Amino acid sequence: MSKIDHKNRPVYRYGFTVPDDVVDQNGHVNNVVYVQWMQDVALLHSDIVGGTRAMEAAGGTWVVRSHRVEYLRPAFAGDQVEAFTWVVNFRRVRSLRRYKFVRITDNTVLAKGETEWVFVDGGTGRPRAIPGDVMRVFPVMSEYQDL
């Protein structure tokens, strides 16, 4: 994947080309690959806005509680895709993040998804309240109308 937008905006955008090795026997991107892409773009977003640094300074880490993916259209090797991600909310120990994957050439929405993340103590692995310094680096956007 390669970054296409470095700005600290509520919605993080990331463009990439679908590699050959993610295509399954059906001739399109395997469904589990989208979950990997969701994690990858979330981590990139966190890195670029300072969330990873804030998380580590607070002595915590994020773990996944659940993923949900809605597959709308197939993607193929060589497709140019733009991934969008944004934070929907923060609740005491949890945060919801959404994703959208769009084929650039025809503006087709390929998949939508969301992940519920839980903030945990890095030493004990137990859930703990999300520190203010971590929340402050992520603009919260419940919906994004321009996608």
Side-chain angles (χ1 to χ4, degrees), residues 1-58 60-120 122 125 127 130-147:
M1 291 188 166
S2 63
K3 291 178 270 199
I4 62 170
D5 187 358
H6 298 280
K7 297 176 184 162
N8 182 9
R9 296 182 176 179
V11 177
Y12 180 72
R13 300 166 54 167
Y14 189 83
F16 62 96
T17 302
V18 174
D20 294 334
D21 64 351
V22 299
V23 173
D24 62 19
Q25 69 274 12
N26 296 318
H28 56 74
V29 173
N30 187 282
N31 60 347
V32 298
V33 171
Y34 283 92
V35 174
Q36 181 66 57
W37 288 347
M38 289 163 57
Q39 178 174 300
D40 291 347
V41 74
L43 294 175
L44 289 168
H45 182 213
S46 183
D47 287 347
I48 206 111
V49 300
T52 304
R53 187 172 41 258
M55 172 196 74
E56 290 170 350
T61 190
W62 292 100
V63 296
V64 171
R65 182 171 187 257
S66 65
H67 288 296
R68 187 184 73 74
V69 183
E70 181 180 7
Y71 304 100
L72 301 168
R73 296 280 185 250
F76 306 98
D79 280 351
Q80 296 292 311
V81 174
E82 190 162 36
F84 299 85
T85 187
W86 61 99
V87 174
V88 175
N89 65 36
F90 288 106
R91 296 180 320 217
R92 190 169 142 9
V93 300
R94 294 187 245 173
S95 179
L96 184 66
R97 175 183 284 277
R98 290 204 174 121
Y99 312 84
K100 190 174 197 180
F101 296 90
V102 177
R103 184 173 30 244
I104 295 170
T105 56
D106 60 4
N107 206 35
T108 296
V109 179
L110 304 169
K112 296 179 182 179
E114 62 183 33
T115 302
E116 186 171 45
W117 294 90
V118 176
F119 195 78
V120 300
I130 302 165
D133 288 347
V134 173
M135 288 189 282
R136 278 189 280 282
V137 301
F138 296 103
V140 173
M141 189 129 195
S142 61
E143 296 297 329
Y144 192 69
Q145 301 304 320
D146 295 336
L147 294 181

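Being a predicted model, the structure only gives us computed values, none of them experimental. Values reported hereafter were calculated over all heavy atoms of this structure, with side chains retained and with hydrogens, waters and symmetry mates removed.
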If I compare all heavy atoms of [X] with all of [Y], which pair ends up nearest, and what's the gap?
| X | Y | answer |
| --- | --- | --- |
| Ala75 | Tyr34 | CB-OH, 3.4 Å |
| Phe16 | Ala83 | CE2-CB, 4.1 Å |
| Ala58 | Val134 | CB-CG2, 4.5 Å |
| Val118 | Pro127 | CG1-CB, 4.1 Å |

- prompt: Is it the case that more than 12 heavy atoms not belonging to Arg91 sit under 6.0 Å from its CZ atom?
  reply: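 Yes - once you tally the heavy atoms of other residues, nucleotides and ligands closer than 6.0 Å, there are more than 12.
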
task: Identify, with sequence neighbours excluded, every residue that meets ring pair (Phe, Tyr, Trp, His ring centres under 6.0 Å) alongside Phe90.
output: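 None.
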
Mind checking whether [X] and [Y] have side chains closer than 4.5 Å, heavy atoms only?
| X | Y | answer |
| --- | --- | --- |
| Tyr71 | Val29 | no |
| Phe101 | Val109 | no |
| Val81 | Val18 | yes |
| Ser95 | Trp62 | yes |

Which value, rounded to the nearest 0.5 Å, describes the distance between [X] atom [atom1] and [Y] atom [atom2]?
| X | Y | atom1 | atom2 | value |
| --- | --- | --- | --- | --- |
| Asp79 | Arg73 | CG | CZ | 13.5 Å |
| Lys112 | Leu72 | NZ | CG | 6.5 Å |
| Lys100 | Leu110 | NZ | CG | 10.5 Å |
| Asn89 | Arg97 | CG | CZ | 11.5 Å |
| Leu44 | Thr85 | CG | OG1 | 10.0 Å |
| Arg94 | Ile130 | CZ | CD1 | 10.0 Å |

message: Keeping Asn26 on the side-chain end and His28 on the backbone end, is there a donor-acceptor pair under 3.5 Å?
response: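 Not at all, since once roles are kept as given, no pair shorter than 3.5 Å links the two residues.
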
field: Side-chain donor/acceptor of Arg103 to backbone N/O of Pro74, under 3.5 Å
entry: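 Checked: pair present.
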
field: Under the side-chain hydrogen bond (donor to acceptor under 3.5 Å, both in side chains) test, residues paired with Thr115 that sit two or more places apart
entry: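 Applying side-chain hydrogen bond (donor to acceptor under 3.5 Å, both in side chains) to Thr115 gives His67, Tyr99.
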
task: Output all residues satisfying side-chain hydrogen bond (donor to acceptor under 3.5 Å, both in side chains) with Arg65, sequence neighbours left out; order by chain, then residue number.
output: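 Once residues adjacent in sequence are excluded, the partners of Arg65 under the side-chain hydrogen bond (donor to acceptor under 3.5 Å, both in side chains) criterion are Glu116.
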
Qualifying residue, where the test is ring pair (Phe, Tyr, Trp, His ring centres under 6.0 Å) with His45 and the options are Tyr12, Trp86, Tyr14, Trp117: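 That would be Tyr12.
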
- request: Determine, stepwise, if the pair Val102 / Asn107 fulfils side-chain contact (heavy atoms from CB on, under 4.5 Å).
  value: CA-CA 6 Å; Val102 177; Asn107 206 35; 3.4 Å; yes

- request: Show your reasoning for whether side-chain contact (heavy atoms from CB on, under 4.5 Å) applies to Val69 and Val35.
  value: CA-CA 8 Å; Val69 183; Val35 174; 4.1 Å; yes

